[in-house]
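Read the structure below first, then the notes.
Side chains are part of it too, since the values below use all heavy atoms of this structure and drop only hydrogens, waters and symmetry mates. So that the names make sense, note that chain A is the first sequence line, chain B the second, and so on, each numbered from 1.
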There are 2 protein chains.
Amino acid sequence: MGATKTDLFTKQQNDIANMAKALAHPARIAILQHLVKINACIGGDLVEELGLAQATISQHLKELKAVGLIQGTVEGTSICYCINPKTWMQYRNLFDKFFDSSVTEGSCC
Amino acid sequence: MGATKTDLFTKQQNDIANMAKALAHPARIAILQHLVKINACIGGDLVEELGLAQATISQHLKELKAVGLIQGTVEGTSICYCINPKTWMQYRNLFDKFFDSSVTEGSCC
DNA sequence: AACATCAATCGTAATATTGCAATATTATGG
DNA sequence: CCATAATATTGCAATATTACGATTGATGTT
């Protein structure tokens with residue numbers, strides 16, 4: 001054991017969980033916030049910005065790329081990263097929908 | 001190594017990451033959705049509803065309780081769980097704020 | 001009290017994640 | 001082609017998460 005039993009759940013549930021997983025690390029949050037703030041792209045200044053080793057940052061970037069939250073284009077020897085607006089909106093919508101489920105106060109224990 | 005270096009990041013970044021972590025498992029998503037849908041509380045029907053062992057469900061419930069997303073009140077031998085509307089709204093707001101960062105199309109690579 | 005029921009906890013195994021040093025890869029400039 | 005700079009990958013160690021059987025604890029029932 002130790003592995004998530006994804007087959008027990010709906011695709012939507014696994015999707016939301018995977019999205020959440022992509023955001024479930026402060027380094028990845030910091031990367032996304034930095035990219036949003038700078039708006040334009042940056043290279044591996046992220047390594048300096050956050051205090052983690054280059055290899056570690058690279059790994060986090062890879063994860064964010066894997067879920068489509070960011071994109072990177074080669075620019076000389078460095079790589080220009082930025083938010084992928086399309087996926088960003090998708091995330092936003094899914095979370096919105098998830099949380100919009102009306103939670104009526106006092107209808108419970 | 002292996003442990004997240006939380007000290008490198010802001011409280012807000014760690015908060016968002018922790019929230020995301022709480023949602024980063026399909027079983028916990030399923031539990032929340034079920035609680036939202038039923039609106040009122042339920043006992044350990046969750047064990048039947050999802051296909052996981054009692055001990056496993058209990059662990060997931062504990063995590064959700066730990067972040068304050070759900071609350072449980074004793075009701076005879078069983079326990080009545082339900083969404084905690086206050087924390088639910090907090091989550092919603094934090095994610096909203098996070099994703100509302102305007103991502104302008106085409107401003108990038 | 002004895003028993004049944006449900007949930008929490010303990011102990012343990014399997015797997016996943018995080019982090020980094022070392023190495024490999026890719027692109028540029030000389 | 002060679003050296004350099006930037007990023008990616010590999011391999012490994014440490015820690016975290018997931019899952020479950022077995023046990024314990026609490027509560028209600030007979």
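- A sub-4.0 Å separation between OP1 or OP2 of D:dA8 and a side-chain N or O of A:Tyr81 is present.
- Mapping A:Gly76 and A:Ala53 onto DNA chain C by nearest heavy atom places A:Ala53 at the nucleotide closer to the 5' end.
- To the nearest 0.5 Å, the span separating CD1 on B:Ile70 from CG on B:Leu32 amounts to 7.0 Å.
- In the region residues 5-15 of chain A, proximity to DNA chain D at under 4.0 angstrom, judged on heavy atoms, holds for A:Lys5.
- Counting heavy atoms from C-beta on, the side chains of A:Val67 and A:Tyr91 come closer than 4.5 Å.
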message = Does A:Tyr81 form a side chain to side chain contact (heavy atoms under 4.5 Å, CB included) with A:Leu64? I'd like the steps, not just the answer.
response = CA-CA 11 Å; A:Tyr81 284 107; A:Leu64 289 173; over 6 Å; no

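- Residues from residues 19-27 of chain A that place a heavy atom under 4.0 Å from any atom of DNA chain D: there are none.
- As rounded to whole Å, 14 Å separates atom C1' of C:dT17 from atom CG of A:Asn18.
- Using a 4.5 Å heavy-atom cutoff, the side chains of A:Trp88 and A:Val36 are in contact.
- Residues meeting the side-chain hydrogen bond (donor to acceptor under 3.5 Å, both in side chains) test with A:Ser58, sequence neighbours left out: none.
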Using atom types as modelled, flag every donor-acceptor pair under 3.5 Å from a side chain in residues 5-22 of chain A to any protein atom, sequence neighbours excluded.
from	atom 1	to	atom 2	distance (Å)
A:Thr10	OG1	A:Gln13	N	3.1
A:Thr10	OG1	A:Gln13	OE1	3.3
A:Lys11	NZ	A:Asp15	OD1	3.4
A:Lys11	NZ	A:Asp15	OD2	2.9
A:Gln12	OE1	B:Gln33	NE2	3.2
A:Gln13	OE1	A:Thr10	N	3.0
A:Gln13	NE2	B:Gln33	OE1	2.9
A:Asn14	ND2	A:Thr6	O	3.0
A:Asn14	ND2	A:Thr10	O	3.2
A:Asn18	ND2	A:Asn14	O	3.2

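- Atom CD1 in A:Ile57 sits roughly 12 Å away from atom P in C:dT18 (whole-Å rounding).
- Distances shorter than 4.0 Å separate some side-chain N or O of A:Ser58 from OP1 or OP2 on D:dA8.
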Can I get a per-line list of side-chain donor-acceptor pairs under 3.5 Å for residues 46-56 of chain A, giving both atom names and the distance, sequence neighbours left out?
none

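- For the pair B:Leu50 CG and C:dA7 P, the computed distance is 13 Å after rounding to whole Å.
- Here the nucleotide nearest the side chain of A:Thr77, chosen from D:dA8, D:dA6, D:dG28, is D:dA6.
- Computed from coordinates, the A:Gln59 CD to D:dT9 C1' distance equals 9 Å when rounded to whole Å.
- In this structure, the side chains of A:Phe95 and B:Leu23 come closer than 4.5 Å at one or more pairs of heavy atoms.
- Both B:Ala55 and A:Gly44 lie close to DNA chain D; mapped to their nearest nucleotides by heavy-atom distance, the more 5′-ward contact belongs to A:Gly44.
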Given side chain to side chain contact (heavy atoms under 4.5 Å, CB included), test A:Arg92 with B:Asp100 step by step and report yes or no. CA-CA 8 Å; A:Arg92 188 172 150 162; B:Asp100 262 359; 3.0 Å; yes

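- Atom CG in A:Leu69 sits 10.0 Å away from atom CG in A:Leu35 (nearest 0.5 Å).
- For the pair A:Thr56 and C:dC20, the criterion of a side-chain N or O lying under 4.0 Å from OP1 or OP2 is met.
- Atom-to-atom, CD of A:Glu75 to P of D:dA8 comes out at 14 Å; the value is rounded to the nearest Å.
- Using a 4.0 Å heavy-atom distance criterion, B:Leu52 is classed as a sugar-phosphate-only contact.
- Scanning atom types as modelled, one donor and one acceptor separated by under 3.5 angstrom connect the side chain of A:Gln54 and the base of D:dA8.
- In this structure the side chain of A:Lys65 never reaches within 4.5 angstrom of the side chain of A:Asn84, judged on heavy atoms.
- Smallest separation of non-hydrogen atoms from B:Pro26 and A:Thr4: CG-CG2, 3.7 Å.
- Taking every heavy atom of residues 60-72 of chain A and every atom of DNA chain C, pairs under 4.0 Å involve A:His60, A:Glu63, by number.
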